[in-house]
Amino acid sequence: MARILIVEDDAALARGIVALLRADGYAADAVADGKYALQLADSEPCSLYIVDIGLPDISGFEVVRRLRDRGHRMPVLILTAQDQVSQLVRGLDLGADDFLVKPFDPSVLAARIRALLRREQSAPAQVLKAGRLSLDKARGVATVGSRALHLRPREWAVLACLCARVGEVVSKRALLSEVFSLDDDVAPNAVEVHVARVRRQLEPDGPEIRTIRGLGYLLDCG
């Protein structure tokens with residue numbers, strides 16, 4: 001069951017949204033200020049946030065910005081009494097996924113929520129695992145057990161590509177396309193250098209990157 005948090009200081013409107021969502025089978029709760037909503041995001045994660053722009057303490061824009069800065073990637077639907085294009089564009093640019101202008105039809109809100117949750121469920125996995133290795137793509141954190149890996153951006157790209165296809169051979173060409181742009185001046189041994197650096201990070205307790213001669217590389221969990 002999806003859990004939804006409504007961040008809205010209009011008590012009557014918040015109660016109405018909560019009642020609507022609970023009737024549709026969601027676990028819904030409401031808070032009236034942005035700072036408390038941000039605390040809950042760290043301690044009680046939800047599937048979706050509905051955030052009013054005009055909050056009493058900090059603006060809904062600031063709530064969205066801080067959520068994204070902290071690495072939270074749940075869908076965010078913003079509510080606003082203003083229909084100025086610039087305001088809506090600002091919210092989307094800060095990381096909101098959709099918006100509704102008040103007053104709105106409850107059936108439209110319900111449809112928007114269903115669409116956002118479907119989109120989230122069909123998105124690629126944000127955490128990749130291979131044995132004791134875990135890559136959290138949303139947070140940009142890689143660990144082997146409790147040990148954090150310290151990867152440069154291109155090393156991260158190499159490991160993410162291999163981890164997404166664990167147990168399969170990934171060609172050198174495929175790694176090149178993941179790690180370098182078309183405009184990069186790529187040295188002949190660039191992939192080998194990055195793979196070697198990642199291997200050292202994984203040792204001694206992580207999965208092994210095996211070289212399959214003439215074909216590419218394989219992440220082997222043993």
Side-chain angles (χ1 to χ4, degrees), residues 2-3 41-42 45-49 64-77 89 92-98 114-222:
R3 188 175 182 193
D42 294 328
C46 291
S47 305
L48 184 144
Y49 267 48
V64 174
R65 186 189 68 78
R66 293 189 193 182
L67 283 172
R68 297 317 188 208
D69 285 351
R70 295 180 184 183
H72 296 293
R73 292 292 177 261
M74 78 287 282
V76 176
L77 172 67
V89 169
L92 296 172
D93 283 346
L94 286 170
D97 298 276
D98 202 351
R114 290 194 297 270
L116 287 171
L117 292 176
R118 282 198 305 270
R119 186 188 310 169
E120 182 70 7
Q121 291 164 1
S122 63
Q126 292 298 299
V127 178
L128 301 175
K129 293 186 178 292
R132 301 187 70 230
L133 171 67
S134 175
L135 269 75
D136 188 328
K137 296 190 293 182
R139 297 169 56 215
V141 175
T143 56
V144 173
S146 60
R147 176 171 63 89
L149 306 185
H150 304 286
L151 301 167
R152 300 172 184 175
R154 285 176 175 166
E155 295 163 10
W156 173 278
V158 166
L159 187 54
C161 184
L162 293 171
C163 196
R165 298 168 59 182
V166 62
E168 302 177 18
V169 176
V170 180
S171 69
K172 181 177 178 180
R173 182 180 296 276
L175 286 175
L176 278 169
S177 67
E178 288 286 335
V179 177
F180 298 98
S181 69
L182 295 175
D183 297 330
D184 286 331
D185 185 13
V186 183
N189 66 336
V191 169
E192 288 87 346
V193 169
H194 291 301
V195 168
R197 289 174 178 165
V198 175
R199 276 194 178 117
R200 287 195 292 272
Q201 289 275 337
L202 293 176
E203 293 173 346
D205 50 343
E208 177 189 2
I209 300 178
R210 294 171 48 200
T211 300
I212 310 300
R213 191 172 298 278
L215 296 175
Y217 300 94
L218 180 149
L219 189 64
D220 186 358
C221 296

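Between Leu135 and Leu149, the closest side-chain pair of non-hydrogen atoms is not below 4.5 Å. Arg73 places a side-chain heavy atom less than 4.5 Å from the side chain of Arg68. With contacts defined as side-chain heavy-atom distances shorter than 4.5 Å, the pair Leu219/Leu133 qualifies. Counting only heavy atoms from C-beta outward, the side chains of Leu162 and Val166 never approach each other to under 4.5 Å. Side chains of Glu168 and Leu218 form no contact here, defined as non-hydrogen atoms less than 4.5 Å apart. Side-chain contact between Leu202 and Glu208 is absent, with no heavy-atom pair separated by less than 4.5 Å.
Distance alone, capped at 3.5 Å, is enough to place a donor-acceptor pair between the Ser47 side chain and the Arg3 backbone. Put simply, the side chain of Thr143 never gets that close to the backbone of Ser146: no donor and acceptor are under 3.5 Å apart. Here the side chain of Asp97 pairs a donor or acceptor atom with the backbone of Val76 at under 3.5 angstrom.
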Between Arg132 and Val144, does the side chain to side chain contact (heavy atoms under 4.5 Å, CB included) criterion hold? Intermediate values first, please. CA-CA 5 Å; Arg132 301 187 70 230; Val144 173; 3.9 Å; yes
From CA spacing to verdict: side chain to side chain contact (heavy atoms under 4.5 Å, CB included), Leu175, Val170: CA-CA 7 Å; Leu175 286 175; Val170 180; 4.0 Å; yes
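The CD atom of Gln201 lies 9.0 Å from the CZ atom of Arg152; values are rounded to the nearest 0.5 Å. Taking CG from Leu176 and SG from Cys161, the interatomic distance works out to 10.5 Å, rounded to the nearest 0.5 Å. Rounded to the nearest 0.5 Å, atoms OG (Ser171) and CZ (Arg165) are 7.0 Å apart. Interatomic distance, Asp136 CG to Lys129 NZ, rounded to the nearest 0.5 Å: 8.5 Å.
Every pair passing side-chain hydrogen bond (donor to acceptor under 3.5 Å, both in side chains) that includes a residue from residues 212-222 is listed here, sequence neighbours excluded: Arg210-Asp220. Sorted by first and then second residue, the ring pair (Phe, Tyr, Trp, His ring centres under 6.0 Å) pairs involving residues 145-166 (not counting sequence neighbours) form an empty list.
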May I have the list of side-chain donor-acceptor pairs in residues 189-199 shorter than 3.5 Å, sequence neighbours left out?
from	atom 1	to	atom 2	distance (Å)
Glu192	OE2	Lys172	NZ	3.1
Arg199	NE	Ile209	O	2.7
Arg199	NH2	Ile209	O	2.9
Arg199	NH2	Thr211	OG1	2.6

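Scanning both residues, Ala130 and Pro207, for their nearest heavy atoms gives O-CG, 3.7 Å. In this structure, Val64 and Ala96 approach most closely via the heavy-atom pair CG1-N, 3.6 Å. Contact detail for Ala41 and Leu67: the closest heavy-atom pair is CB-CD2, 3.5 Å. Residues Cys163 and Leu128 approach most closely at SG-CB, 3.7 Å, considering heavy atoms.
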